[in-house]
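For reference, the structure discussed in these notes is given below.
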Protein chains: 2
Amino acid sequence: MPRAGLTRDRVAQEAAVMADEVGLGRLTLAGLAERLGVRQPSLYKHIDSIASLRRDISVQAKRELGEVLARAAVGRSGADAISAMSHAYRDWAGRHPARYEASNLMPAPGDVEDETVSATAIQVITDVLTAYRLEGDDAIDAIRAFRSTLHGFVVYEAAGAFALSADVDRSFDRLVAGFIVALGQWNETVPPVR
Amino acid sequence: MPRAGLTRDRVAQEAAVMADEVGLGRLTLAGLAERLGVRQPSLYKHIDSIASLRRDISVQAKRELGEVLARAAVGRSGADAISAMSHAYRDWAGRHPARYEASNLMPAPGDVEDETVSATAIQVITDVLTAYRLEGDDAIDAIRAFRSTLHGFVVYEAAGAFALSADVDRSFDRLVAGFIVALGQWNETVPPVR
DNA sequence: GGTTAAAGCTATTGACAATAGCCGAAAGGG
DNA sequence: CCCTTTCGGCTATTGTCAATAGCTTTAACC
């Protein structure tokens, strides 16, 4: 029996491909092993557990998404950068549903690599919002709002929750435009103390 | 062996409670049966499958959420109603994480009860946005944006993704305030044709 | 070429959903 | 009030998972 030449990266890579095809929740070691031409227990020479495999997919996905966002924002600023980044985000999530889902898994406390790559991806967003001269908590609020807005839309779209006939592309354009409008008045939107 | 007096509703009710405690993905029939004082196979006298149980939780959750939203909006209109509904939404989701997750499951095609209760919950949102005199696709875009905004925030908050020190309540207030600002200029935010 | 670590394998376990088939409890009609 | 019938429990079992134990073979290095 010749060796299959697997590595931890190779296994995670194929796992991501399989997950995007069948869904992250339907990723099984038996199925993955078959794709890799190997028996199921053999995978444990390369992974610690299926949880650790999902973590590897997550780290890889965060890295990819961060790069996609950075590439979309390069050479642009302000509303232009936000719009470009938003569309790159939605596009990537749509083409890689399971990777996208995995990219939203929180790092385990103490997992430095995962924490680093997560922070790096978020930093791209932070940098783009900097053009609006937001600082401190104002900036944090804006980043949280931006991420929430994109995430909610992408999740609902992936779930097929936008069933009506209205054009989903147009809805997304308006969502982004609306967020940019809100951002332009961000300092005037501080709600009354409650 | 005296009868436990179970019904399909009673099982779904307890399942929702258990799911909120341990997570929807960790809901098991063994655990549920133990809570109900019954052996695991006995549950099949009341449910068809664990998928159908999740569907029952989903229907129940959609009904509850719809009622919560309707109650929050009653006697209010415009920005006031949107704000009240938003806070009721986040509050309910925070107190019932698994029910909330279940409430976002899509109805199976042809499941009339599920489709009805889903539509009813969304209708509450539609009614509130009506105050902004949005019609047709404009209204659909606004509803999609509103749902996306709330959902994204609630999901990230539940996942613990807002780890920084900044006050999450304040971030949510500003998110809602920002959406209301965007809504006020909704007709001016039609993006250029791309 | 011999040693050894790594990478594959079979066999097995334990958790889980699900099915089959039995048996006692409760409900209703004569 | 008993007899029948239905229905809600039960035990036993299966198939699919992830995961572990322990063996064998490959290939890398001296």
Side-chain angles (χ1 to χ4, degrees), chain A residues 1-61 98-99 101-102 105-106 108 111 114, chain B residues 1-61 98-99 101-102 105-106 108 111 114:
Chain A
M1 50 204 75
R3 296 208 172 172
L6 299 183
T7 63
R8 179 168 158 185
D9 271 359
R10 175 86 185 77
V11 171
Q13 181 65 41
E14 185 63 30
V17 173
M18 176 178 173
D20 277 334
E21 288 175 14
V22 306
L24 191 60
R26 289 202 184 84
L27 173 66
T28 64
L29 295 184
L32 179 57
E34 191 175 358
R35 281 168 163 260
L36 292 168
V38 126
R39 300 290 183 160
Q40 178 251 336
S42 305
L43 294 177
Y44 282 88
K45 296 295 176 178
H46 306 284
I47 65 171
D48 289 337
S49 66
I50 198 171
S52 79
L53 177 61
R54 277 190 286 258
R55 178 266 179 203
D56 288 348
I57 297 174
S58 174
V59 168
Q60 179 197 301
R99 282 166 158 90
E101 190 180 341
L105 296 175
M106 293 291 294
D111 184 340
D114 197 348
Chain B
M1 50 205 73
R3 296 208 174 174
L6 298 183
T7 63
R8 181 169 157 182
D9 271 0
R10 175 86 185 75
V11 170
Q13 182 64 43
E14 185 64 29
V17 173
M18 176 178 173
D20 277 335
E21 288 175 14
V22 306
L24 191 60
R26 289 200 184 84
L27 173 67
T28 65
L29 296 183
L32 180 58
E34 191 175 358
R35 280 168 165 261
L36 293 168
V38 125
R39 301 289 185 160
Q40 177 251 336
S42 306
L43 294 177
Y44 283 87
K45 296 295 177 179
H46 306 284
I47 66 172
D48 290 336
S49 65
I50 198 172
S52 80
L53 177 60
R54 278 189 286 258
R55 177 267 180 203
D56 288 348
I57 296 173
S58 174
V59 169
Q60 179 196 301
R99 281 166 160 89
E101 190 180 340
L105 297 174
M106 293 292 293
D111 183 340
D114 198 347

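Proteins come first, then strands; the chains are lettered A, B, ... in the order of their sequence lines, and each starts at number 1. Note that these values count all heavy atoms, side chains included, but never hydrogens, waters or copies made by symmetry.
- Applying the side chain to side chain contact (heavy atoms under 4.5 Å, CB included) criterion to B:Q60, with sequence neighbours excluded, gives B:A12, B:Q13, B:A16, B:E64, B:R99.
- Less than 4.0 Å separates DNA chain D from at least one heavy atom of each of the following residues of residues 20-33 of chain A: A:L27, A:T28, A:L29, A:A30.
- Across all their heavy atoms, B:D20 and B:A98 have their closest contact at OD1-N, 2.8 Å.
- Of the residues in residues 46-55 of chain B, B:H46 come within less than 4.0 Å of DNA chain D through at least one heavy atom, sorted by number.
- For residues 37-44 of chain A, proximity to DNA chain D is found at A:Q40, A:P41, A:Y44, defined as any non-hydrogen atom under 4.0 angstrom from a strand atom.
- A:K45 places its NZ atom 13 Å from the C1' atom of D:dT26, with the value rounded to the nearest Å.
- For the side chain to side chain contact (heavy atoms under 4.5 Å, CB included) test, residues two or more places apart in sequence or in another chain that qualify with A:L29 are A:Q40, A:L43, A:Y44, A:I47, A:I50, A:L53.
- Listed here is the closest heavy atom pair of B:A15 and B:L27: O-CD1, 3.9 Å.
- The two residues A:V38 and A:S42 have their closest heavy-atom pair at CG1-CB, 3.6 Å.
- Residues B:M18 and B:L32 share a closest heavy-atom pair of SD-N, 3.7 Å.
- Listed by chain and number, the residues in a side chain to side chain donor-acceptor pair (under 3.5 Å) with B:R54 amount to none (sequence neighbours excluded).
- Partners of A:E34 according to the side chain to side chain donor-acceptor pair (under 3.5 Å) rule, which considers only residues two or more places apart in sequence or in another chain, do not exist here.
- Contacts of residues 5-15 of chain A with DNA chain D (heavy atom under 4.0 Å): none.
- Annotation for A:H46 and A:V11: closest pair CB-CG2, 4.1 Å, computed over non-hydrogen atoms.
- Residues passing the salt bridge (Lys or Arg N to Asp or Glu O under 4.0 Å) test with A:D111, sequence neighbours excluded: A:R55.
- Here A:R35 pairs with A:E14, A:E21 under the side chain to side chain donor-acceptor pair (under 3.5 Å) rule; sequence neighbours left out.
- Residue pairs meeting the salt bridge (Lys or Arg N to Asp or Glu O under 4.0 Å) criterion with at least one member in residues 38-49 of chain B, sequence neighbours excluded, do not occur.
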